[in-house]
Amino acid sequence: MPRFALQLTIAISLICLVLIAAAVIAGTLTPRGSWLAWVSAKVLDSEISVWDGRVVVNFSVKAPWYSVFPTWGADGRLAWIAGYDIVIWDGEQVRNVSQTPESGDYSPTWSADGRLAWVAASGDDSEIMVWDGEQVRNVSQNPDLRDTMPEWSQDGRLAWRSSRRPEQDFSLVVWDGQQIILVGRNPDAQNLLFTWSADGQLAWEFLRSGQSDLFVWDGARTVCVSPNRRWHDYTWSDDGRLAWASVQDRGDEIFLWDGEQVRNLSRELDAPGRDPRWSRDGQLAWTAATGTGKEIVMWDGESVRDISQNPDARDTQPQWSHDGRLVWNAWNHRNNFFEIIVWDGQQHVIDASGNPDAEYRVPMWSHDGRLAWTAAGTGSPMVDLIVWDRQRTLNLGRGSGPVWSE
């Protein structure tokens with residue numbers, strides 16, 4: 001579709017969104033809590049759907065469902081991609097904040113203080129833009145590099161990935177509001193992934209052919225905590241410890257870096273595995289491989305505990321709630337279908353549909369303890385969106401990409 005035609009359809013859809021938002025304020029939705037947003041596909045376009053636990057409100061978006069990517073801010077505003085632009089909904093109105101008509105904008109991400117960053121791409125150039133509520137600023141300002149993947153720290157610094165064209169010679173940089181800091185660079189890297197800790201440390205890995213190196217930067221020094229591994233799946237605890245899984249000669253193993261030294265927890269505890277995930281109080285869960293299956297184990301800092309208690313299980317993708325409960329996907333090998341399991345000291349099956357074709361994706365906790373996940377026939381991109389409200393399961397219809405507000 002020509003750009004001017006797409007802009008016209010977006011403008012028309014935004015008018016419709018303002019009218020819908022007025023209905024929201026008139027009392028359709030309940031007072032703000034943990035709301036759920038997702039993308040629903042239609043024949044020629046898509047919709048952003050918002051559910052408050054009682055009703056669903058839909059916003060028309062003239063863009064393919066797979067390119068919308070809704071994301072919530074800490075203050076309850078919702079941003080998404082509409083064609084080439086970034087739009088936000090603040091509960092009262094919808095507005096286009098891109099202000100860059102010559103670019104294609106994507107990857108919106110909110111800071112804790114309500115600023116919005118995204119990537120503005122034009123031709124071979126891509127820049128990092130920041131909107132402060134009034135104005136948009138180009139904070140990267142380097143037409144010789146491709147700047148992508150912006151991510152905010154809790155204290156308001158912004159990190160992103162820079163590369164030369166084509167995708168090579170990767171660098172990790174941080175903007176502190178005044179200047180850009182080069183954190184790391186590898187001319188031989190084929191990709192770069194990174195994530196912030198709650199206390200402002202950066203973990204990142206340079207990916208090369210068949211190998212990767214895992215680094216930590218604390219704002220002053222850089223430490224390579226895991227060199228020359230096949231891959232890393234890493235996650236920060238709230239108190240600044242880093243756990244990861246990587247492939248060793250004995251299979252997948254779990255490692256821990258406490259700021260000073262690296263420990264191989266899998267060998268210490270005889271519990272190999274992957275998918276490490278921290279609870280808010282510092283317990284670490286992961287998927288441990290057994291002789292005939294996969295189980296969920298939990299480490300409390302001293303000993304490891306098998307909480308699946310089923311050596312034939314196929315349990316994967318553990319996720320912690322804010323109040324210390326654990327959820328994971330489980331394959332019921334007796335009846336041949338997937339289940340969602342919640343553990344709060346005991347196991348509770350919360351969905352056992354008996355559908356042998358259902359493929360469950362990673363369940364997501366809300367801050368108030370509800371769950372959302374998607375279920376589909378194997379290989380289907382559009383799926384049923386399922387919510388558990390601690391008492392029952394609800395099917396909210398066809399959708400993808402569910403995200404809870406804070």
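We're numbering straight along the sequence, starting at 1.
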Engineer: Run the salt bridge (Lys or Arg N to Asp or Glu O under 4.0 Å) test against Asp344 and tell me which residues pass, sequence neighbours left out.
Structural biologist: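 Asp344 satisfies salt bridge (Lys or Arg N to Asp or Glu O under 4.0 Å) with no residue once adjacent residues are dropped.
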
Engineer: Would you indicate whether the side-chain heavy atoms of Trp373 and Val327 approach each other to under 4.5 Å?
Structural biologist: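 The answer is no, as the side chains (C-beta and beyond) never meet within the 4.5 Å cut-off.
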
Engineer: Working to the nearest 0.5 Å, report the span between CG of Leu182 and OG of Ser171.
Structural biologist: 5.5 Å

Engineer: Where is the tightest heavy-atom contact between Arg274 and Ala245, given as atom of each residue plus distance?
Structural biologist: CA-CB, 3.7 Å

Engineer: Sort and list the pairs that fulfil salt bridge (Lys or Arg N to Asp or Glu O under 4.0 Å) and have at least one residue in residues 316-332, not counting sequence neighbours.
Structural biologist: Asp323-Arg325

Engineer: State which residues pass side-chain contact (heavy atoms from CB on, under 4.5 Å) with Arg280; sequence neighbours excluded, sorted by chain then number.
Structural biologist: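 In terms of side-chain contact (heavy atoms from CB on, under 4.5 Å), with neighbours along the sequence ignored, Arg280 is linked to Asp238, His322.
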
Engineer: Which atoms form the tightest heavy-atom contact between Val136 and Val97, and what is the distance?
Structural biologist: CG2-O, 3.2 Å

Engineer: Should Leu385 and Leu36 be marked as a side-chain contact (heavy atoms from CB on, under 4.5 Å) after you check the CA-CA gap, both sets of side-chain angles, and the distance that decides it?
Structural biologist: CA-CA 11 Å; Leu385 178 61; Leu36 184 67; 4.0 Å; yes

Engineer: Shortest non-hydrogen contact from Trp244 to His232?
Structural biologist: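 What the structure gives for the nearest pair is CD1-CD2, 3.6 Å.
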
Engineer: Check step by step if side-chain contact (heavy atoms from CB on, under 4.5 Å) holds for Leu145 and Arg164.
Structural biologist: CA-CA 5 Å; Leu145 297 175; Arg164 299 191 181 277; 3.6 Å; yes

Engineer: Quick check: do Asn191 and Arg161 have side-chain heavy atoms less than 4.5 Å from each other?
Structural biologist: yes

Engineer: For the residue pair Ser163 / Arg146, report whether a side-chain donor-acceptor contact shorter than 3.5 Å exists.
Structural biologist: no

Engineer: Find out whether Val342 and Trp388 are in side-chain contact, i.e. whether some heavy atom of one side chain is under 4.5 Å from a heavy atom of the other.
Structural biologist: yes

Engineer: Enter the distance from Met149:CE to Ser162:OG here, rounded to the nearest 0.5 Å.
Structural biologist: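 Here the interatomic distance stands at 11.0 Å.
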
Engineer: Rounded to the nearest 0.5 Å, what separates atom OH in Tyr234 from atom OG in Ser246?
Structural biologist: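 The OG atom of Ser246 is 12.5 Å from OH of Tyr234, to the nearest 0.5 Å.
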
Engineer: When rounded to the nearest 0.5 angstrom, what is the spacing between CD1 in Ile386 and CG in Leu396?
Structural biologist: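 If we round to the nearest 0.5 Å, Ile386:CD1 and Leu396:CG are 7.5 Å apart.
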
Engineer: Output all residues satisfying ring pair (Phe, Tyr, Trp, His ring centres under 6.0 Å) with His348, sequence neighbours left out; order by chain, then residue number.
Structural biologist: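 Ring pair (Phe, Tyr, Trp, His ring centres under 6.0 Å) check on His348 returns nothing, list empty.
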
Engineer: Looking just at side-chain N and O atoms, do Ser34 and His367 make a donor-acceptor pair shorter than 3.5 Å?
Structural biologist: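 No.
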
Engineer: Does some side-chain heavy atom of Ser67 sit less than 4.5 Å from a side-chain heavy atom of Ile81?
Structural biologist: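 Not in contact.
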
Engineer: Could you give all pairs that pass the salt bridge (Lys or Arg N to Asp or Glu O under 4.0 Å) test and reach residues 131-142, with sequence neighbours left out?
Structural biologist: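 Of all non-adjacent pairs touching residues 131-142, none passes salt bridge (Lys or Arg N to Asp or Glu O under 4.0 Å).
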
Engineer: For Gln347, which residues count as a side-chain contact (heavy atoms from CB on, under 4.5 Å) partner, sequence neighbours excluded?
Structural biologist: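 Partners of Gln347 under the side-chain contact (heavy atoms from CB on, under 4.5 Å) test: Trp328, Ile341, Trp343.
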
Engineer: Taking only residues two or more places apart in sequence or in another chain, which ones pass salt bridge (Lys or Arg N to Asp or Glu O under 4.0 Å) with Asp389?
Structural biologist: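 Salt bridge (Lys or Arg N to Asp or Glu O under 4.0 Å) list for Asp389, sorted by chain: Arg392.
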
Engineer: Identify, with sequence neighbours excluded, every residue that meets side-chain hydrogen bond (donor to acceptor under 3.5 Å, both in side chains) alongside Gln154.
Structural biologist: none

Engineer: Among Ile88, Ile48, Val39, find the one that has a side-chain contact (heavy atoms from CB on, under 4.5 Å) with Trp80.
Structural biologist: Ile48

Engineer: Only pairs at least two apart or in different chains count here, so list each salt bridge (Lys or Arg N to Asp or Glu O under 4.0 Å) that has a residue in residues 173-195.
Structural biologist: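 Every pair satisfying salt bridge (Lys or Arg N to Asp or Glu O under 4.0 Å) with a residue in residues 173-195: Asp169-Arg185.
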
Engineer: Gln283 versus Trp320: any side-chain heavy-atom pair under 4.5 Å?
Structural biologist: yes

Engineer: If we only count heavy atoms from C-beta on, is the Ser98 to Ile86 side-chain gap below 4.5 Å?
Structural biologist: yes

Engineer: Could you state the interatomic distance from CG (Asp147) to CD1 (Ile180), rounded to the nearest 0.5 Å?
Structural biologist: 7.5 Å

Engineer: Using side-chain contact (heavy atoms from CB on, under 4.5 Å), reason through Asp233 and Asp252 one step at a time and then give a plain yes or no.
Structural biologist: CA-CA 10 Å; Asp233 176 15; Asp252 298 338; over 6 Å; no

Engineer: Test: salt bridge (Lys or Arg N to Asp or Glu O under 4.0 Å). Region: residues 105-115. Which pairs qualify, not counting sequence neighbours?
Structural biologist: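 Applying salt bridge (Lys or Arg N to Asp or Glu O under 4.0 Å) to every pair that reaches into residues 105-115, excluding sequence neighbours, yields Asp113-Arg115.
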
Engineer: Please name the pair of heavy atoms, one in Leu193 and one in Leu207, separated by the smallest distance, quoted to 0.1 Å.
Structural biologist: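 Heavy-atom minimum between the residues: CD1-CD1, 4.0 Å.
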
Engineer: Please walk me through it: do Phe255 and Leu214 pass side-chain contact (heavy atoms from CB on, under 4.5 Å)?
Structural biologist: CA-CA 12 Å; Phe255 293 82; Leu214 182 62; over 6 Å; no

Engineer: With sequence neighbours excluded, tell me which residues meet salt bridge (Lys or Arg N to Asp or Glu O under 4.0 Å) with Arg229.
Structural biologist: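 Partners of Arg229 under the salt bridge (Lys or Arg N to Asp or Glu O under 4.0 Å) test: none.
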
Engineer: Does any part of the side chain of Ile307, heavy atoms only, come nearer than 4.5 Å to the side chain of Val297, both counted from C-beta?
Structural biologist: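 SC-SC contact between Val297 and Ile307 ruled out.
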
Engineer: Just how far is it from atom OG of Ser46 to atom CH2 of Trp38, taken to the nearest 0.5 Å?
Structural biologist: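 CH2 of Trp38 is found 13.5 Å from OG of Ser46.
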
Engineer: Determine the minimum heavy-atom distance between Val130 and Ala117, stating which atoms define it.
Structural biologist: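 Taking every non-hydrogen atom into account, CG2-CB, 4.1 Å.
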
Engineer: Applying side-chain hydrogen bond (donor to acceptor under 3.5 Å, both in side chains) to Asn395 and Thr393, what does each step give before you reach the verdict?
Structural biologist: CA-CA 7 Å; Asn395 189 324; Thr393 55; over 6 Å; no

Engineer: Look at the aromatic rings of Trp72 and Trp35 and report parallel, tilted or perpendicular, splitting at 30° and 60°.
Structural biologist: perpendicular

Engineer: Evaluate the criterion side-chain hydrogen bond (donor to acceptor under 3.5 Å, both in side chains) for residue pair Asp281 and Ser279; output intermediate values, then yes/no.
Structural biologist: CA-CA 5 Å; Asp281 62 357; Ser279 68; 2.4 Å; yes

Engineer: How would you list, by chain and number, every residue that makes a side-chain contact (heavy atoms from CB on, under 4.5 Å) with Ala121, sequence neighbours excluded?
Structural biologist: Tyr106, Ser126

Engineer: Would you say that Phe215 contacts Phe194 through its side chain, given a criterion of any heavy-atom pair below 4.5 Å between the two side chains?
Structural biologist: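 Side chain of Phe215 against side chain of Phe194, heavy atoms only: no contact under 4.5 Å found.
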
Engineer: Thinking salt bridges, do Asp384 and Arg398 make one under a 4.0 Å N-O criterion?
Structural biologist: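 Salt bridge: yes.
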
Engineer: Compare every heavy atom of Pro318 with every heavy atom of Asp275, then report the nearest pair and how far apart it is.
Structural biologist: O-CG, 3.7 Å

